[in-house]
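Order of listing sets the numbers, starting from 1, for every ligand and every atom in it. We count residues from 1, following the sequence as given.
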Amino acid sequence: MNRLIYLDYNATTPIDTRVLEAMMPFLSTNFANASSLTHRPGRAAAAAVDLARQQIAELLEAAPQEIVFTSGATEAINTVLKGVYERYQDKGKHFVTCATEHKAVLDTFAYLEKKGAQVTYLPVDQHGAVDLFQLERAIRPDTVMVVLMWANNETGVLHPVDKIAEITHRHNTLFFCDATQALGKVRCSVSSNKIDMLCMSSHKLYGPKGIGALYVRRKNRRIQIAPLIHGGGQENGMRAGTLNVPAIVGFGMAAEIARRELAEESSRLAQLRERLEMSIINLPATFVNGQLGPRMPNVSNITFRHTKASEIMIAVPDIALASGSACVSGTRDPSHVLLAMGLSAEDAHSSIRFSLGRFNNADEIDRCIAQVAGAVTRLRTNSPVWQLYQSGAIE
Ligand SMILES: *Cc1c(COP(=O)(O)O)cnc(C)c1O
């Protein structure tokens, strides 16, 4: 009866069996190097990489030549931020980003600031939204690039990327979008907007870990990025190193499945999420973060006031949940995303991220509701802080 209920899909997803099947031949019989075009297995590996590139391009409505494989989104982010900083010094050293970005963006900018970059961190409102007028005012003549994510990993809040792309182009600055979470959950097209660069990660999309990609627009604008990794000249000199063929094949298949099943999967997940929130929200002093604006269908970030998230999670050992994001948990700092949305440190420490995915069903959600509601109620009954809250002594 105590089978694990996995509700941490934003940290990582299991590999879809269809993805694993596509990868298997390249882990065993065909192990050739995709650059070895002098023999048949090498050419077969190259063809498999070409197909994957096309599958990923189709998901984005981009051209295959615009896709560069990396080891993941973190590497793609490092490549763009450091590579653009190096190549565009003539234009300036100023960047605009946001307080709620992923740590891969914030930590790379912190590093570049030590090297002389100037970075403006836009705030968000209580719903996690950026103010587009504020964005426009932050862009200066020496602003090289604006970096804003498509969807937030902790709250699911979506940024209006089409409008952001429009603004950045009007001011002649580059726009780089971290679409790692959005991909496969909402439609992510680069054909209908002016996004210049975008990063993604296979393991957030039911593909294997250790593979990701960068989209770099080829049409209309020539974008220069100094490579992070030098060597054999693979990926048009943008990212050297022998291609990880099985992982690339898996990523391609994952993208293909995401494209075919996105609409159906999104509405199914939205229903499950609704089921979860409608029940959980009946607990007193409990609220959903980022609920009012546009949001991804699979995430619910919930604050249980005066109740520690860490204690709730210990009390429901058969449910895999997260507070903050996987990348920063392990530290005891409250979520920088929730703090930026105006939550107190105490409320941030009382917040749990439920992230749903492909293999969840309604029965699991019902068991989750029962277990979490039971745990929260029990913890509160024994809590002096909760008694103070109930007596009206604290808010
Ligand atoms: C997971 C994640 C990353 C990092 O991706 P990796 O491929 O694991 O390096 C970056 N940005 C966001 C929004 C993420 O959710």
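- Here OH of Tyr9 is found 10.0 Å from CG of Asn298. Values are rounded to the nearest 0.5 Å.
- The Asn153 neighbourhood of ligand 1 comprises atoms 13 (C), 15 (O), with distances under 4.0 Å to a heavy atom of that residue.
- Using a 4.0 Å cut-off between heavy atoms, Ala104 makes no contact with ligand 1 at all.
- Here the CG atom belonging to Asn289 is positioned 9.0 Å from the CD1 atom belonging to Ile302, to the nearest 0.5 angstrom.
- Under the 4.5 Å side-chain heavy-atom criterion for ILVMFWY residues, no single connected hydrophobic cluster contains both Leu148 and Tyr121.
- Within the listing of ligand 1, atoms 10 (C), 11 (N), 12 (C), 13 (C) sit less than 4.0 angstrom from a heavy atom of Asp178.
- Not one N or O of Asn10 is nearer than 3.5 Å to an N or O of ligand 1, by distance alone.
- For the atom pair CD of Glu256 and CZ of Arg18, the computed distance is 10.0 Å after rounding to the nearest 0.5 Å.
- Counting atoms of ligand 1 from 1 in the listed order, those under 4.0 Å from a heavy atom of His203 are 6 (P), 7 (O), 8 (O).
- Listed by number with element, the atoms of ligand 1 under 4.0 Å from a non-hydrogen atom of Met149 are 13 (C).
- Geometrically, ligand 1 and Ile77 share no nitrogen or oxygen pair separated by less than 3.5 Å.
- For the residue pair His306 / Glu346, a side-chain donor-acceptor distance below 3.5 Å is found, with atom types taken as modelled.
- Put simply, no part of Glu75 is less than 4.0 Å from ligand 1, judged by heavy atoms.
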- Item | Glu166/Lys194 under salt bridge (charged side-chain N to carboxylate O under 4.0 Å, His left out): CA gap, chis, key distance, verdict | CA-CA 7 Å; Glu166 196 58 51; Lys194 293 172 174 164; 3.6 Å; yes
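- Every atom of ligand 1 is numbered from 1 in the order shown, and the set under 4.0 Å from a heavy atom of Gly72 is 7 (O).
- Remark: side-chain polar atoms of Arg380 are paired, donor with acceptor, to backbone N or O of Arg305 under 3.5 angstrom.
- Selection from Lys209, His102, Lys204 by nearest heavy atom to atom 15 (O) of ligand 1 gives Lys204.
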